[in-house]
Amino acid sequence: MPKMKTHSGAKKRFRVTGSGSVKYKHSGARHILTKKTTKRKRNLRQNGMMRETELFHVKRMLVKA
């Protein structure tokens, strides 16, 4: 049986932290920023943490077994 491959799109977008949670970068902070409020742009700068409900699916895509 061949090895499982890591999902190429997922490995570019998600990072697993030391405690096992998954962090990601918010979308919507690249262009068309003039119509967005300063508060909204500032909040998009922080990394997001993956919710428990989606954690299983993301970790399965990042498997390296």
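Positions are given from 1, in the same order as the sequence printed here.
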K.L.:
Taking NZ in Lys23 as the centre, count heavy atoms belonging to other residues, nucleotides or ligands within less than 6.0 Å. Is the count above 12?
P.N.:
no
K.L.:
Can you measure from NZ (Lys35) to OG1 (Thr37) and round to the nearest 0.5 angstrom?
P.N.:
13.0 Å
K.L.:
Taking distance alone, no hydrogens or angles, what donor-acceptor pairs closer than 3.5 Å link side-chain atoms of residues 38-63 to residues at least two apart or in another chain?
P.N.:
residue, atom, partner, partner atom, Å
Lys41, NZ, Leu33, O, 3.3
Asn43, ND2, Lys39, O, 3.3
Lys59, NZ, Gly20, O, 2.6

K.L.:
Distance-only check: which donor-acceptor pairs under 3.5 Å involve side-chain atoms of residues 10-17, not counting sequence neighbours?
P.N.:
residue, atom, partner, partner atom, Å
Arg13, NH1, Gly9, O, 3.0
Arg15, NH1, Lys11, O, 2.7
Thr17, OG1, Ser19, OG, 3.3
Thr17, OG1, Ser21, N, 3.2
Thr17, OG1, Ser21, O, 3.0
Thr17, OG1, Ser21, OG, 2.9

